[in-house]
2 protein chains.
Amino acid sequence: MTHSRRMTLKDLARELGVSTATVSNAFNRPDQLSPALRERILGEASRLGYRGPDAKARSLRTGRSRIIAVILAESLTYSLNDPVASEFLSGVAEVLDAQGHTLLLLSSRQAQGLLPGSASMADGFIVYGLMPSGDLLDTLPAQAPLVSADFDIAGRPSVHVDDEPACYGIARHALRRPPRRPGIINLRLTAEPCNGRVTPDHTLLGPEQTITRSRLIGFHRALEEAGFAPDQVPMWNIEENTFPVCEPVIAGILDLPEEERPDLLLCMSDRIALTALTLAERRGLRIPEDLRLTGFDGIAEGQYRSPRLTTVRQDSTEKGRIAARMILGLVPAEPSLLATELIVGESCP
Amino acid sequence: MTHSRRMTLKDLARELGVSTATVSNAFNRPDQLSPALRERILGEASRLGYRGPDAKARSLRTGRSRIIAVILAESLTYSLNDPVASEFLSGVAEVLDAQGHTLLLLSSRQAQGLLPGSASMADGFIVYGLMPSGDLLDTLPAQAPLVSADFDIAGRPSVHVDDEPACYGIARHALRRPPRRPGIINLRLTAEPCNGRVTPDHTLLGPEQTITRSRLIGFHRALEEAGFAPDQVPMWNIEENTFPVCEPVIAGILDLPEEERPDLLLCMSDRIALTALTLAERRGLRIPEDLRLTGFDGIAEGQYRSPRLTTVRQDSTEKGRIAARMILGLVPAEPSLLATELIVGESCP
DNA sequence: TTGTACGCGTTATCAG
DNA sequence: CTGATAACGCGTACAA
């Protein structure tokens, strides 16, 4: 018989002697038919092995797929292994899941340079982090809902964290005990790729391009207040927030002659600060006596080790939740700003 | 005009004065029409803002969506924040991406207890970790390709790591210097939830149910060879591989009176071992003099701190790649076993 | 090499 | 409350 082919709604209707519309209603609009009939249809359906309306056909017909795509600025490999991005994703997933939606993962750095066609099946898009090429967003269905996180797209809602005040706050905390030589380690702040010392030749990205610029502005404001001329404070830059990339830059800093080596390092991320912590320990530097360190993010790894990291905790999960709620229309799609919290650990008491 | 509605293939065909088949061929089968005509069609298409065949309609017609779903045994929140699961996912994503496929994330612990309908749009399924309820898999399209990782489904291909020999190997290494009191910390090994000491009353899961049982068998084999009766070696169990859940159990172990406290702890995961490391340091215990520790997984966090963890490195990323290649039919879908590597750090030299 | 016609499985509309 | 029918947008035999 028709044993090979999957059973369809139409087959079931014929089998039951009712119309396809009625079967469809039994699954989608209980109020459109008598409970008795509905019971019978659902019962027979599961007996005959009909699993319910086909998702592909349904999505063609209704125009919606109940799939939400997250487009990550970085590669999937990097993002999935980055605690902050992962937390964001888990916030998104939590809300989508509760609403019966699923999560499609995309990266702006796809193999072919453009998104796979299947991407356009999504009902909405959450864009996390600055896209390397703006063109990519043009390939998306024009009228699909879109929310960005940690950067802005003209005319679109976004979710942010109060980067500038947060960094002002943590720098102020650190500067209460005046350092002899403060230093700053940035993350992807220069227009030109740069792994190492930032010189006046480098052009810095603007605050609308990257959150790390906002963070730097906060640091500088606090430094200025504390009597340090910002342009006298040495800065280093790191291109990628991973140990292998951070290590040489930080090693270079720690291996400076003692009279040049910073005794306070304000870092743009916990990953950077933790790498500095590890490398400092290996060199026998005492934390915080010889070197004080601050981070940003508040990732678990920084809190579950000793010394604990002094850092700014951002609720990345909540950022994801909000983005997801906006996409689903659960909350109004308007710019949102999350507060952060200063965490004082032993790395900079 | 028809400015509100998205342009369709049919619209474009009419506009160009060719048939829909020709336009379709221009996108899908370049060999079916003259290069000149194809150029013209593609050119006009992008000029008129036609983005190519609609993914939903195409998937209905062809039956394939170019979406692969990964079903995670744990919640998405947990999995996304777990380095080992994240690495697995990034391996999957890497291969899918290169093949023009996308990744749909599902969890066996969805809100409603069953998978959302959109899940069935996937062309294939990768199941990671033992499903809490086997029924869930019955709801999947019966003939869709399916590969499991880290556990087995009858009649389906799977990807594994050589858990038993790996654990035999690391235990042997640790036991070369005989401990006075060895101990084992398991991960979700008991049928009944148990956070703490494992007693004879507990029933252990079988090796076909969980990889941690295979690991335990490896530990026991080495212990026996070293002259320790396995049932005399104390075991603890932990229900979830996170700091908050591990902490009380491990604190309980470390706070035992000195003559009962283990001086060697074989841990089922790096997360557990790292938690033990942190808690031991906080108590002033010297590693490895007072306490030696081994882990499993080889996560970055364990290698980028000091003391480095002695552990078994499993290539979780490669596990993901292989699963993805099997699903896509790039390699034969047959059971696969990956080798591991012993890493000797300072936590158990 | 190009065009015609049908069907993929569903849902919305509207008439009974 | 129920049923017939027309889309949804596309791929592909098959005919020209």
Side-chain angles (χ1 to χ4, degrees), chain A residues 2 4-42 44-45 48-67 117-118 120-121 123 141 143-144, chain B residues 2 4-42 44-45 48-66 116-118 120-121 123 141 143-144:
Chain A
T2 57
S4 58
R5 204 168 51 79
R6 240 196 72 190
M7 169 166 267
T8 74
L9 185 147
K10 200 187 291 182
D11 298 335
L12 181 59
R14 193 171 338 99
E15 204 84 29
L16 290 177
V18 299
S19 85
T20 61
T22 303
V23 177
S24 176
N25 283 334
F27 280 95
N28 302 317
R29 321 159 116 195
D31 53 314
Q32 295 295 305
L33 74 175
S34 69
L37 180 55
R38 183 172 133 91
E39 279 306 302
R40 173 162 158 255
I41 292 177
L42 264 43
E44 288 295 291
L48 295 174
Y50 177 67
R51 295 274 177 24
D54 176 79
K56 297 200 254 288
R58 181 206 285 252
S59 78
L60 171 59
R61 178 63 241 218
T62 64
R64 275 164 303 102
S65 60
R66 300 181 79 81
I67 291 177
S118 42
S120 62
M121 274 204 278
D123 294 341
Q143 36 206 341
Chain B
T2 57
S4 58
R5 205 168 52 77
R6 244 197 70 192
M7 169 167 266
T8 73
L9 185 147
K10 200 187 290 181
D11 298 335
L12 181 60
R14 194 173 337 101
E15 204 85 28
L16 290 178
V18 300
S19 84
T20 61
T22 304
V23 177
S24 174
N25 284 333
F27 280 95
N28 302 317
R29 321 160 118 196
D31 53 313
Q32 295 295 307
L33 74 175
S34 69
L37 180 55
R38 182 172 134 91
E39 279 307 302
R40 173 161 159 257
I41 293 177
L42 263 41
E44 287 296 290
L48 295 174
Y50 177 67
R51 297 274 175 28
D54 176 81
K56 298 202 250 296
R58 182 210 284 258
S59 78
L60 172 59
R61 180 64 240 215
T62 63
R64 276 166 302 102
S65 60
R66 299 181 80 79
S118 42
S120 62
M121 274 201 278
D123 293 342
Q143 36 205 341

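Proteins get letters first, then strands, A, B, ... in listed order; numbering begins at 1 in each. Here the structure is a predicted model, which is why all the values come from computation and not from measurement.
- Here B:Leu33 lies in heavy-atom contact (under 4.0 Å) with sugar-phosphate atoms only.
- Residue B:Thr8 places none of its side-chain N or O atoms closer than 4.0 Å to OP1 or OP2 of D:dG9.
- A:Phe27 comes within contact range of no nucleotide atom at all, as no heavy-atom separation falls under 4.0 Å.
- Computed from coordinates, the B:Leu37 CG to C:dG3 P distance equals 8 Å when rounded to whole Å.
- Under a 3.5 Å cut-off, the side chain of B:Arg66 and the backbone N or O of B:Ala55 do not form any donor-acceptor pair.
- No side-chain donor from either of B:Thr22 and B:Asn25 sits under 3.5 Å from a side-chain acceptor of the other.
- Distance A:Arg14 CZ to D:dG3 P: 15 Å, rounded to the nearest Å.
- Taking 4.5 Å as the limit, some side-chain heavy atom of A:Ser120 sits within range of a side-chain heavy atom of A:Pro141.
- Counting heavy-atom neighbours within 6.0 Å of A:Arg64 CZ, excluding the residue itself, gives a total of 12 or less.
- Although no hydrogens or angles enter the test, the distance criterion places no donor-acceptor pair under 3.5 Å between the side chain of B:Ser24 and the main chain of B:Thr20.
- As a whole-Å value, the separation of A:Gln32 CD from C:dT13 P is 11 Å.
- A straight line from CD1 of B:Ile41 to C1' of C:dT1 spans 12 Å, rounded to a whole angstrom.
- In this structure, NZ of A:Lys10 is placed 9 Å from C1' of C:dT10, rounded to the nearest angstrom.
- Look at CG on A:Leu12: it is 13 Å from C1' on C:dT10, rounded to the nearest Å.
- Residue-level contact check: A:Asp31 touches the backbone only, with heavy atoms under 4.0 Å from sugar-phosphate atoms and none from bases.
- Proximity of B:Leu16 to B:Ile41: side-chain heavy atoms (C-beta onward) are separated by under 4.5 Å at one or more points.
- In this structure, the NZ atom of A:Lys56 is 15 Å from the P atom of C:dT11, given to the nearest Å.
- Between B:Asp54 atom CG and D:dA7 atom C1' there is a gap of 14 Å when expressed in whole angstrom units.
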| Base-contact (B) and sugar-phosphate-only (S) positions in nucleotides 11-16 of chain D, heavy-atom cut-off under 4.0 Å, - elsewhere | BB----
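- The minimum heavy-atom distance linking B:Thr8 with B:Tyr50 is given by the pair C-CE1, 3.6 Å.
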